[in-house]
Amino acid sequence: MGMVGGGLGSFIGPVHRMAATLDGEIAFVAGAFGSSAESSRAGGARYGLDPARVYDDWRALFAAERERPDPIDFVAITAPNHVHFPAARAALEAGFAVLSDKPATATLAEALTLAEIVAATGRPYGLTYTYTGYAMVRHAREMVRAGTLGAIRKVVVEYEQGWLSRPIEQADDRQAKWRTDPATAGIGGCLGDIGVHAHNLAEFVTGERVIELCAEVSRFGSGRTLDDDANVLLRFAGGARGVLISSQISAGARNGIRLRVYGENAGLEWSHENPDRLTLSPLDEPQRVIHAGMPGLSDAAQRATRLPTGHPEGLIEAFANIYRDFAASLQSGDAGERALVPGIDEGVRGMTFIDRALRSGAQGGWVGMDMGAE
Ligand SMILES: NC(=O)c1ccc[n+]([C@@H]2O[C@H](COP(=O)([O-])OP(=O)(O)OC[C@H]3O[C@@H](n4cnc5c(N)ncnc54)[C@H](O)[C@@H]3O)[C@@H](O)[C@H]2O)c1
């Protein structure tokens, strides 16, 4: 595996590295870790890589690796959003599979083009929508599919953070800086950073697609051009209705992604604060708390669990589940092995969600999520 991004001081690069290597099945051997040759070399040194496979930039990475007798099989893209599309395109066209962090691209137009490139090259493409890797999220999905809840009527998904409550990008916070700049973040601020996670989680668990939405999108941080808060009403194809909250100015909130799904017969709740638990609330029965690692859980949940029940697993393991499924599919050539790994369809849907929420926020009223249209 190679990596683009994830150099010194990066948040998610080391998480990808830990997740990729957790099960001892993926070798992390190459990369381009920064926006300059110098920062790339510093990043590669931190990971202890052979300097010969630490490249000045991602163009050099793909050009050199494709000439090697032992090239990388895939690249993890962990750089800021504006790098996702050009790096993914170059990797796919050089013959490499891509596991990209979200959002898929910076704009919807890029995502639509990327979908064409994935189809034309036939190379595997996956997205690390982290929360889909949790055992109990996968179990929730299985419960909905098995009809435990009955027909889905209501979906409430929220993702609140508070770290952008003040305009810390003006005080040179590097993370905040690129996330609040359209040149590096793309069209979405908070919607692109965390709203897409909430949208993807709701669709992943329910198996239902959002077909229309109505959003109020705000900018609280002074001087910001991108959104930092959004409240979105959702209509799903199967008739369910939903509410999505995405906020980075909810002071005091940490990383509060939470999903509640209500069917005709029962509701379920999953929260990132207690990710190894799922609460099932049947209409006329006592509530049940289901724990990861318990006997009787779905195969999907058991395959995503490494430790006996009561031994907490978290973000690294959730990421590692996505890596394991993606790598297994590359090794066997069986795309079915990555059935639970979000792909380019989910990438386009995520970018469509941001685009439509912004459009609804600007013009008011309901907007369709019709795919393929800009
Ligand atoms: N899946 C998740 O839960 C999750 C969580 C956090 C971040 N992310 C995503 O990961 C990406 C990075 O976020 P972060 O918080 O780690 O950012 P960060 O600012 O902490 O790190 C970004 C890294 O990319 C490097 N970089 C910048 N331009 C580059 C280029 N042209 N080529 C190679 N490297 C380059 C920087 O030097 C830095 O090392 C973003 O797209 C973000 O949306 C996903």
Side-chain angles (χ1 to χ4, degrees), residues 2-20 30-47 54-62 75-88 90-91 98-106 110 126-134 137 159 161 163-164 168-169 172-181 183-198 200-201 226 246 248 255 257 272 275 314-323 341-342 346-347 350-351 354:
M3 186 184 286
V4 171
L8 286 187
S10 90
F11 162 36
I12 213 66
V15 174
H16 279 260
R17 199 263 298 160
M18 287 186 270
F33 300 100
S35 54
S36 68
E38 196 183 23
S39 61
S40 179
R41 303 240 157 252
R46 201 242 339 237
Y47 290 125
V54 177
Y55 300 94
D56 288 357
D57 58 36
W58 48 262
R59 290 175 188 81
L61 165 71
F62 303 134
V75 64
I77 300 179
T78 73
N81 305 349
H82 69 300
V83 179
H84 294 186
F85 172 68
V98 169
L99 187 57
S100 173
D101 218 314
K102 43 52 61 183
T105 54
E110 285 181 353
L127 271 168
T128 48
Y129 274 119
T130 319
Y131 305 100
T132 63
Y134 279 96
V137 167
Y159 197 159
Q161 297 177 339
W163 70 288
L164 291 179
I168 55 174
E169 62 274 19
D172 242 19
D173 182 296
R174 193 169 59 89
Q175 293 257 350
K177 235 180 167 50
W178 75 253
R179 281 177 164 86
T180 52
D181 180 353
T184 41
I187 57 173
C190 169
L191 281 164
D193 207 29
I194 60 174
V196 286
H197 273 301
N200 177 260
L201 180 65
L226 293 176
S246 169
Q248 292 181 308
N255 197 53
I257 180 163
H272 195 235
L315 184 82
I316 313 288
E317 289 87 350
F319 250 95
N321 291 331
I322 297 175
Y323 266 93
V341 178
E346 286 79 4
M351 294 312 299
I354 301 169

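Each ligand, and each atom within it, is numbered from 1 in the order the structure gives. We're numbering straight along the sequence, starting at 1.
The minimum heavy-atom distance linking Leu8 with Arg174 is given by the pair O-NH2, 3.8 Å. Taking all atoms of both residues into account, the shortest heavy-atom contact from Tyr47 to Gly6 is OH-O, 2.5 Å. Heavy atoms only, all atoms of each residue included: Leu127 and Leu99 are closest at N-CD1, 3.9 Å. Across all their heavy atoms, Thr132 and Val137 have their closest contact at CA-CG1, 4.2 Å. The minimum heavy-atom distance linking Gly7 with Arg46 is given by the pair O-NH2, 3.5 Å. Closest of all the heavy-atom pairs between Ala32 and Ser40 is CA-OG, 3.5 Å.
The atoms of ligand 1 that sit less than 4.0 Å from any heavy atom of Gln175 are 15 (O), 18 (P), 20 (O). Each of the following atoms of ligand 1 lies closer than 4.0 Å to a heavy atom of Gly7: 39 (O). Those atoms of ligand 1 with a heavy atom of Phe319 less than 4.0 angstrom away are 1 (N). Per-residue contacts place Thr130 under 4.0 angstrom from the following atoms of ligand 1 (heavy atoms of the residue considered): 1 (N), 2 (C), 3 (O). Counting the atoms of ligand 1 from 1 in the order shown, those under 4.0 Å from a heavy atom of His84 are 41 (O). Those atoms of ligand 1 with a heavy atom of His197 less than 4.0 angstrom away are 1 (N), 2 (C), 3 (O). Of all atoms in ligand 1, numbered sequentially from 1 with element shown, those under 4.0 Å from a heavy atom of Thr128 are 1 (N). The distance from ligand 1 to the heavy atoms of Phe33 drops below 4.0 Å at these ligand atoms: 25 (C), 34 (N), 37 (O), 39 (O).
A donor-acceptor contact shorter than 3.5 Å links the side chain of Tyr134 to the backbone of Leu315. Looking only at distances, a side-chain donor or acceptor of His84 sits under 3.5 Å from a matching main-chain atom of Asp101. Between the side chain of Thr78 and the backbone N or O of Val4, at least one donor-acceptor pair lies under 3.5 Å.
Polar contact with ligand 1: absent for Ser10 (N/O pair, distance under 3.5 Å). For ligand 1, none of its N or O atoms has an N or O atom of Tyr131 under 3.5 Å away. Checking only distances, Ile12 does come within under 3.5 Å of ligand 1, N or O to N or O. Where the criterion is an N or O separation shorter than 3.5 Å, residue side chain and backbone included, Trp178 meets it with respect to ligand 1. Here's the thing with Phe11: one of its N/O atoms is less than 3.5 angstrom from an N/O atom of ligand 1.
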Between Ser246 and Ile194, is a side-chain contact (heavy atoms from CB on, under 4.5 Å) present by the stated rule, with each step listed? CA-CA 7 Å; Ser246 169; Ile194 60 174; 3.7 Å; yes
Between Trp178 and Asn81, is a side-chain contact (heavy atoms from CB on, under 4.5 Å) present by the stated rule, with each step listed? CA-CA 9 Å; Trp178 75 253; Asn81 305 349; 3.6 Å; yes
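Contacts between Val15 and ligand 1 below 4.0 angstrom, taking non-hydrogen atoms only, are absent altogether. Contacts of Ala32 with ligand 1, taken as heavy-atom pairs under 4.0 Å, involve the backbone alone.
Looking only at protein heavy atoms, the nearest one to atom 44 (C) of ligand 1 is Asp101 OD1, 3.0 Å. Nearest to atom 11 (C) of ligand 1 among the protein's heavy atoms is Ala79 O, 3.3 Å. Looking only at heavy atoms of the protein, atom 15 (O) of ligand 1 is closest to Arg179 NH2, 2.9 Å. In terms of protein heavy-atom proximity, atom 31 (N) of ligand 1 is nearest to Val83 CG2, 3.6 Å. Considering only non-hydrogen protein atoms, atom 12 (C) of ligand 1 sits nearest to Thr78 O, 3.1 Å. Nearest non-hydrogen protein atom to atom 24 (O) of ligand 1 is Pro80 CD, 3.4 Å.
For Tyr159 and His272, the side-chain atoms include no donor-acceptor pair closer than 3.5 Å.
Heavy-atom distances between Tyr129 and ligand 1 stay at or above 4.0 Å for every pair. Under a 4.0 angstrom heavy-atom cut-off, Gly6 registers as being in contact with ligand 1.
Compare Ala185, Gly34, Ala106 by their heavy atoms: the one nearest to atom 30 (C) of ligand 1 is in Gly34.
Note: His197 and Tyr131 have perpendicular aromatic rings, judged against thresholds of 30 and 60 degrees for the angle between ring planes.
With sequence neighbours excluded, no residue forms a side chain to side chain donor-acceptor pair (under 3.5 Å) with Asn200.
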